[in-house]
Amino acid sequence: MAVLLLVGLSACSWLPIPYTIDLRAQLGSNATGSASHEIEAGEAGDLDFRHPDGDGECIDFSEVDIPVTVESARLHFNTTVEYDGPRLTGTVAAQLYLSRDPERLWLPSNRVGPRVTVNLNHADTRLAGTAVLNREQIEGLNQQYLCWGLQIDGNNVTATESGEATIEYSVEELKLATRVSVI
């Protein structure tokens with residue numbers, strides 16, 4: 001019996017185990033927010049900016065003792081985006097990026113999931129889906145240092161009148177579903 005228990009425990013060290021992390025809880029007050037901008041009637045032009053603050057943001061969680069190795073990971077997200085302001089036409093697209101190296105964050109290989117396109121003539125939109133993390137992003141999880149950023153761009157964005165445009169967001173769900181092995 002002891003031999004079977006020993007064999008079973010040693011097997012756990014190399015069998016991938018499913019484990020889900022609730023990232024929304026880690027966002028705290030940043031799970032909801034808003035941004036406002038004065039716009040003028042007519043052609044607003046093309047949008048092209050990166051959030052947060054143009055360079056992305058890096059998270060260092062090396063002080064946390066994590067006795068596992070991430071083998072694979074999927075990011076599940078569900079976010080509501082609401083718009084209030086002058087009527088807009090055109091489309092805006094957003095792309096999430098993750099990397100273990102801040103200098104490589106905006107490379108195409110670090111895109112997470114599909115590029116999400118939003119039609120601006122709707123007041124609110126739900127962005128939801130699942131994205132598989134690549135090997136470099138998983139290495140960032142294992143090294144406990146990961147950078148993220150959001151690229152937002154739009155073409156032929158037009159406002160029908162001048163006024164303040166406000167975008168509010170609420171992250172309803174943000175979970176990282178992983179398969180890990182015990183170190």
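Just so you know, residue 1 is the first one in the sequence shown, and it goes up from there. What you are looking at is a predicted structure, and each value in this text was computed from that prediction instead of being measured.
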Could you give me the CA-CA distance, side-chain angles and deciding distance for Glu173 and Phe77, then say whether side chain to side chain contact (heavy atoms under 4.5 Å, CB included) is met? CA-CA 5 Å; Glu173 178 185 38; Phe77 60 93; over 6 Å; no

Just verifying a value: how many Å separate [X] [atom1] and [Y] [atom2], rounded to the nearest 0.5 Å?
X: Glu139; Y: Leu146; atom1: CD; atom2: CG; answer: 11.5 Å
X: Phe49; Y: Gln151; atom1: CZ; atom2: CD; answer: 9.0 Å
X: Tyr169; Y: Glu82; atom1: OH; atom2: CD; answer: 13.5 Å
X: Tyr97; Y: Ser109; atom1: OH; atom2: OG; answer: 9.5 Å

Shortest non-hydrogen contact from [X] to [Y]?
X: Ala94; Y: Ile152; result: CB-CG1, 4.3 Å
X: Arg135; Y: Glu71; result: NH2-O, 3.1 Å
X: Ser72; Y: Ile138; result: CA-CD1, 3.7 Å
X: Ser162; Y: Ala41; result: OG-N, 3.0 Å
X: Leu105; Y: Gly56; result: CD2-CA, 3.9 Å
X: Pro114; Y: Gln95; result: C-OE1, 3.7 Å

Test of understanding: clusters of I, L, V, M, F, W, Y form through side-chain heavy atoms closer than 4.5 Å, transitively. Do [X] and [Y] belong to the same one?
X: Leu141; Y: Ile17; value: yes
X: Leu150; Y: Val116; value: yes
X: Val70; Y: Val132; value: no
X: Ile59; Y: Trp106; value: no

So do [Y] and [X] actually touch side chain to side chain, heavy atoms under 4.5 Å?
X: Leu174; Y: Thr79; result: no
X: Leu88; Y: Ile39; result: yes
X: Val92; Y: Thr117; result: no
X: Gln144; Y: Asn142; result: no
X: Leu176; Y: Leu133; result: yes
X: Thr69; Y: Val182; result: no
X: Asn110; Y: Glu136; result: yes
X: Glu172; Y: Arg126; result: yes

Are there more than 12 heavy atoms of other residues, nucleotides or ligands under 6.0 Å from atom CD of Glu103? no

Check this for me: Arg74, atom CZ, are more than 12 non-hydrogen atoms of other residues, nucleotides or ligands nearer than 6.0 Å? no

Does Trp148 form a side chain to side chain contact (heavy atoms under 4.5 Å, CB included) with Leu96? I'd like the steps, not just the answer. CA-CA 7 Å; Trp148 72 277; Leu96 176 64; 4.3 Å; yes

Are Arg115 and Asp153 within salt-bridge range, i.e. N to O under 4.0 Å? yes

Short question: side chain of [X], backbone of [Y] - any donor-acceptor pair under 3.5 Å?
X: Gln137; Y: Leu98; result: yes
X: Ser34; Y: Ile167; result: no
X: Gln143; Y: Gly140; result: no
X: Thr178; Y: Ala73; result: no

Looking just at side-chain N and O atoms, do Ser99 and Asp101 make a donor-acceptor pair shorter than 3.5 Å? no

Stepwise side chain to side chain contact (heavy atoms under 4.5 Å, CB included) check, Tyr145 with Ser62: CA-CA 7 Å; Tyr145 187 82; Ser62 58; over 6 Å; no

Could you walk me through whether Thr89 and Val157 pass the side chain to side chain contact (heavy atoms under 4.5 Å, CB included) test, one step at a time? CA-CA 6 Å; Thr89 60; Val157 176; over 6 Å; no

